[in-house]
Amino acid sequence: IYLIKKSKELLLLETTRSKVYTIPPTMNAFYQAIAENNRSVGLISSGDYEAAIDGQTRALSIIKKFMDLHGDQLPKTSAHRTSLDQCMTASCCTFEEDDDMQHEFLYQQGVVIPMDIHPDQDIGALVSCMIIFNFALACQLSASSSAGEEVVIANLNKAIKLYQLSFNLQRNANMDGNVLFSLAVVNNLGICHRQLHNQEDSGKCFEYVLSTLMFLTDCGEVSELYKYLDGFFFNVAHLISQPTVAPAA
């Protein structure tokens, strides 16, 4: 009788575990998009940008279709919160200046999305933002390694549209407080515009970066984020040190 009772308890325990860890069929596409994104991040790191672009194209298509079909059925929020900046700080390396980087800092670390996040409407928007950001980054890095001018221009213009889309999506979804994400997007966007000789648009981007960094400094929040932000300071140092013209006597 004791063994039978223990067997029932074990069966109940295994059933409970299976309920916790089994992914509902409708959620498969959600995690498939994340897995495709994370695989593509590895391709970005290894320099296979064209394959990364293909992978992010698939990831974006999967998550878009999933949200179109099931987005309204997801809970609005969950108790397990994940932010864009949390994903980025978990993925990124700290900034180190070297001899190869003489002119600018490009945020070129793809963002890995944790596979254990709980899907809800807000997380759906977050996953979409990360995929679009990585997609843009792959296009920008592909442009930097391409020889043909037409291919470079096409990839840079595509990266610009994707960066703008990811930035607007996180704003429209009210994902406030993602400082690192916003800085990375606008910083890279400014570099794209500069490479396309859009000096006015590039200047606006770096002015945004500078004003954000100054705001963080005034609020005393730079110390906690500095190891991630010093690359951005490097890019706007010329704006801080610009000489001012003395008024005429």
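This is a predicted model, so every value here is computed, not measured.
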Nearest heavy-atom neighbours spanning L137 and G110: CD2-N, 3.7 Å

Minimum-distance pair of heavy atoms, taken over all atoms of A159 and A136: CB-O, 3.5 Å

M175 vs S83 side-chain heavy atoms within contact, under 4.5 Å: no

Side chain proximity check, N235 to I191, heavy atoms < 4.5 angstrom: yes

Shortest non-hydrogen contact between L169 and A125, atoms and distance: CD2-O, 3.9 Å

Considering all heavy atoms, the nearest C87-M130 contact: CB-SD, 4.2 Å

Aromatic plane relationship, F66 with F30 - under 30° parallel, 30 to 60° tilted, over 60° perpendicular: tilted

Spacing of L239 atom CG and L210 atom CG [to the nearest 0.5 Å]: 5.5 Å

Atom pair OG (S61) and CZ (R58), whose distance is rounded to the nearest 0.5 Å: 10.0 Å

Side chain proximity check, T217 to F233, heavy atoms < 4.5 angstrom: yes

Side-chain donor or acceptor of D85 paired with backbone N/O of F181 under 3.5 Å: yes

All pairs passing salt bridge (charged side-chain N to carboxylate O under 4.0 Å, His left out) where residues 190-204 contributes a residue, at least two apart: E104-R194, E200-K204

C205 to V186 - nearest heavy-atom pair and separation: O-CG1, 3.3 Å

Inter- and intrachain pairs under side-chain hydrogen bond (donor to acceptor under 3.5 Å, both in side chains), touching residues 128-137, at least two apart: N37-N134

Where I240 and M214 come nearest, the two heavy atoms and their spacing: CD1-CE, 4.4 Å

Sequence neighbours excluded and cut-off under 3.5 Å, please list the side-chain donor-acceptor pairs for residues 138-147, or say none.
unit_1 : atom_1 : unit_2 : atom_2 : d
Q140   : OE1    : Y163   : OH     : 2.7
Q140   : NE2    : N188   : O      : 3.2
S142   : OG     : E50    : OE2    : 2.4
S142   : OG     : N155   : ND2    : 3.3
S144   : OG     : L141   : O      : 2.6
S145   : OG     : L141   : O      : 3.4
S145   : OG     : S142   : O      : 3.1
S146   : OG     : S142   : O      : 2.6

For R171, salt bridge (Lys or Arg N to Asp or Glu O under 4.0 Å) partners two or more places apart: none

Rounded distance (nearest 0.5 Å) linking atom OG1 of T212 with atom CD of E207: 11.5 Å

ILVMFWY cluster membership beyond I62 - transitive side-chain contacts under 4.5 angstrom: none

Non-hydrogen side-chain atoms of M115 and N38 separated by less than 4.5 Å: yes

Exam field: side chain Q56 to backbone I53, donor-acceptor pair closer than 3.5 Å: no

Aromatic ring proximity F234/F105, centre distance under 6.0 Å: no

Heavy-atom check, side chain of H193 versus side chain of I160, under 4.5 Å: yes

Whether S182 side chain and N178 backbone form a donor-acceptor pair below 3.5 Å: yes

Side chain to side chain contact (heavy atoms under 4.5 Å, CB included) between L189 and F167, intermediate numbers included: CA-CA 10 Å; L189 191 58; F167 188 83; over 6 Å; no

Spacing of I131 atom CD1 and L60 atom CG [to the nearest 0.5 Å]: 6.5 Å

For M67, side chain to side chain contact (heavy atoms under 4.5 Å, CB included) partners two or more places apart: I63, L74

Non-neighbouring partners of K64 that pass salt bridge (Lys or Arg N to Asp or Glu O under 4.0 Å), sequence neighbours left out: D68

Pair I153-L196, side chain to side chain contact (heavy atoms under 4.5 Å, CB included): steps then yes or no: CA-CA 7 Å; I153 293 174; L196 290 172; 4.1 Å; yes

Short side-chain to backbone donor-acceptor contact, D122 and A173, under 3.5 Å: no

Joint hydrophobic cluster, F133 plus L43, side-chain heavy atoms closer than 4.5 Å: no

Members sharing V41's hydrophobic cluster (side chains within less than 4.5 Å): V112

Any donor-acceptor pair under 3.5 Å from N187 side chain to F232 backbone: no

Sequence-distant partners of S40, side chain to side chain donor-acceptor pair (under 3.5 Å), two or more places apart: none

Residues which pass ring pair (Phe, Tyr, Trp, His ring centres under 6.0 Å) with F135, listed by chain and number, not counting sequence neighbours: none

Residue pairs, two or more places apart or on separate chains, that pass ring pair (Phe, Tyr, Trp, His ring centres under 6.0 Å) and touch residues 40-59: none

4.5 Å side-chain heavy-atom contact, L84 and V111: no

Where at least one partner belongs to residues 135-163, residue pairs that pass salt bridge (charged side-chain N to carboxylate O under 4.0 Å, His left out), sequence neighbours excluded: none

